[in-house]
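To start, the structure itself, in structure tokens.
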Amino acid sequence: MKNILITGGAGFIGSHVVRLFVTKYPDYHIVNLDKLTYAGNLANLKDIENAPNYTFVKADICDFEKVQEIFAKYRIDGVIHLAAESHVDRSIKEPFTFARTNVMGTLTLLQAAKQYWNGNWEGKRFYHISTDEVYGALELTHPDGIEPPFSTTASSSEHHLAYGKDFFYEDTKYNPHSPYSASKASSDHFVRAFHDTYGMPTIVTNCSNNYGPYQFPEKLIPLFINNIRHGKPLPVYGKGENVRDWLYVVDHARAIDLIFHKGKIADTYNIGGFNEWKNIDLIKVIIKTVDRLLGNPEGTSDHLITYVTDRAGHDLRYAIDSTKLKNELGWEPSLQFEEGIEKTVRWYLDNQEWMDNITSGEYEKYYESMYSGR
Ligand code: NAD
Ligand code: DAU
């Protein structure tokens, strides 16, 4: 495969995947298709934008004719599909946008790929990037009194220090709760249906929460880093008891590279950090790290924690078991969480201009309207 279409490459995870493929595979042509919604930002790719093996195309994945044109013009033989509406809170306010992009957009891409490949599946691949949220929510069953940080290596995947005894496995039944996860679940089913019905060589992966550079500051970690820097309140939903499993975004990109090249057709892999945190414990680590790196005495920003009304339908706990990926393809997270969070906080503090360009003007107004009246 030489001509790879990456959708959503101007977003958070997509930009890391584009960077990895453009730099690691000089003989591939990487075509980045992105609509540049509020979440798409070409500044995320400044360092590789002039690479000879890279092309950016501004387009909507729901525009069938345009997508057909892109397949033909660039003779696409592999797709890595990341374009999506990705924020749960937005999906609660505007579910139609999520159904349009995540469901219809994915179907549009599948249909265009099917037409262009025309039954010649040799050397072709349609790889769909999905989320652990499709599995629903897990209970908190572990006895109290065990404090993070937990292990971040698959070798200790017995999870003996985690918050519960259950995990999401590849065969866990789908049970999405938010409009976001319902739309992602639907798109996963369409991708599998195109394999089962037409024989298209598809792969689906379901990943846990990513963190790292270039994440849009509506998501917990960049939002909180920026708010601490500006002395603004940190809105903790509910009691801050919800648990997420955090993975450094570059490790997700590494997994995508490996699975795209070595993954089994029609298969599914879970990707996770082996790194569960209660939100409130994670928030305390972020506060401590930002204060330290800004040279403030410990405790300076603790007062910013503000408990607010919970997210509607807030899933209690996500926890991925990615043992299959480790056993079959040898992947595991390369970064310990302590190192990853330090790098991440440092990156946002060092790239204040990137952040300010996003948080000024129109976006700020939209953000305020989203969160007022919660
Ligand atoms: P993001 O919101 O940062 O980026 C999404 C990108 O898609 C943006 O560049 C946006 O412009 C583009 N896009 C949106 N609608 C489009 C359309 N109609 N046509 C073309 N482009 C469009 O999202 P992200 O966090 O980087 O997530 C990328 C993918 O990974 C998504 O499919 C998401 O469901 C999945 N995922 C994300 C996480 C996470 O923690 N962020 C975890 C697991 C899976
Ligand atoms: O699990 C994978 C998913 O992770 C991805 O599929 C999604 O695209 C991605 O957005 C992320 O979803 P979450 O809803 O878990 O991420 P978010 O950063 O929005 O929230 C993380 C946790 O923090 C969640 O329990 C809600 C809570 N939270 C979030 C925000 C923005 C707060 O308490 N306060 C906040 O202001």
**Asked** Hey, mind stepping through F98 and H87 against ring-ring contact (aromatic ring centres under 6.0 Å, His included) and telling me if it holds?
**Response** CA-CA 9 Å; F98 283 68; H87 193 44; 8.6 Å; no

Nearest heavy-atom neighbours spanning [X] and [Y]:
X: C62; Y: T101; answer: SG-CA, 4.1 Å
X: I76; Y: W117; answer: O-NE1, 2.8 Å
X: S301; Y: I228; answer: OG-CG2, 3.5 Å
X: K262; Y: L329; answer: O-CD2, 3.7 Å

Validation row: [X], [Y] side chains within 4.5 angstrom (heavy atoms):
X: T344; Y: Q215; value: no
X: K184; Y: N206; value: no
X: Y269; Y: E328; value: yes
X: L282; Y: F337; value: yes
X: V249; Y: Y211; value: no
X: I287; Y: L234; value: yes
X: L33; Y: L5; value: yes
X: Y237; Y: N279; value: no

Short side-chain to backbone donor-acceptor contact, [X] and [Y], under 3.5 Å:
X: K326; Y: K324; answer: no
X: N351; Y: L349; answer: no
X: T197; Y: F194; answer: no
X: K124; Y: N120; answer: yes
X: S322; Y: I271; answer: no
X: S91; Y: Y180; answer: yes
X: H230; Y: N226; answer: yes
X: N275; Y: D245; answer: no
X: N242; Y: D315; answer: yes
X: W331; Y: D251; answer: yes

Interatomic distance, [X] atom [atom1] to [Y] atom [atom2] [nearest 0.5 angstrom]:
X: K232; Y: T306; atom1: NZ; atom2: OG1; answer: 12.5 Å
X: T202; Y: F126; atom1: OG1; atom2: CZ; answer: 8.5 Å
X: I80; Y: I30; atom1: CD1; atom2: CD1; answer: 7.0 Å

Just wondering, are more than 12 heavy atoms of other shown residues or ligands nearer than 6.0 Å to [atom1] in [X]?
X: F190; atom1: CZ; value: no
X: K288; atom1: NZ; value: no
X: R192; atom1: CZ; value: yes
X: K343; atom1: NZ; value: no
X: M355; atom1: CE; value: yes

ring-ring contact (aromatic ring centres under 6.0 Å, His included) with Y214: of Y348, F12, W347, only one passes, and it is W347

**Steps toward side chain to side chain contact (heavy atoms under 4.5 Å, CB included) verdict (R317, F167)** = CA-CA 9 Å; R317 170 174 170 252; F167 298 89; 3.3 Å; yes

Hits for salt bridge (charged side-chain N to carboxylate O under 4.0 Å, His left out) against D47, two or more places apart or cross-chain, chain-then-number order -> R19

Sorted by chain and residue number, the salt bridge (charged side-chain N to carboxylate O under 4.0 Å, His left out) partners of E241 (sequence neighbours excluded) come out as K278

Next on the checklist: As a quick check of understanding, evaluate side-chain hydrogen bond (donor to acceptor under 3.5 Å, both in side chains) for E94 and T97, giving each step before the final call.
Outcome noted: CA-CA 6 Å; E94 38 177 298; T97 319; 3.1 Å; yes

**Prompt:** Can you check side chain to side chain contact (heavy atoms under 4.5 Å, CB included) on L36 and F56, steps first, answer last?
**Reply:** CA-CA 11 Å; L36 299 182; F56 172 72; 3.8 Å; yes

| request: Walk me through it: do F21 and Y54 pass the test side chain to side chain contact (heavy atoms under 4.5 Å, CB included)? | output: CA-CA 9 Å; F21 273 68; Y54 171 69; over 6 Å; no

Would you say S183 and S186 are linked by a side-chain donor-acceptor pair, where the criterion is simply a distance under 3.5 Å? no

Practice prompt. Go through the steps for E218 and Y38 under the test side chain to side chain contact (heavy atoms under 4.5 Å, CB included), then give the verdict.
Written response: CA-CA 11 Å; E218 62 190 348; Y38 78 93; 2.8 Å; yes

In plain terms, say whether [X] and [Y] are close enough for a salt bridge, that is, a side-chain N and a carboxylate O under 4.0 Å apart.
X: R292; Y: E342; answer: yes
X: D63; Y: K66; answer: no
X: D310; Y: K239; answer: no
X: E85; Y: R100; answer: no
X: D77; Y: K2; answer: no

| request: For H81 and Y127, run ring-ring contact (aromatic ring centres under 6.0 Å, His included): C-alpha distance rounded to whole Å, both residues' side-chain angles, the deciding distance at 0.1 Å, then the answer. | output: CA-CA 6 Å; H81 173 38; Y127 178 6; over 10 Å; no

Are Y25 and H261, when compared by the centres of their aromatic rings, separated by less than 6.0 Å?
yes

According to the interplanar angle, ranging from 0 to 90°, do the rings of Y318 and F168 count as parallel (below 30°), tilted (30 to 60°) or perpendicular (above 60°)? tilted

Result for side chain to side chain contact (heavy atoms under 4.5 Å, CB included) between N32 and one of T55, V57, L45, L82 points to L45

H189 meets the ring pair (Phe, Tyr, Trp, His ring centres under 6.0 Å) criterion, sequence neighbours left out, with Y174

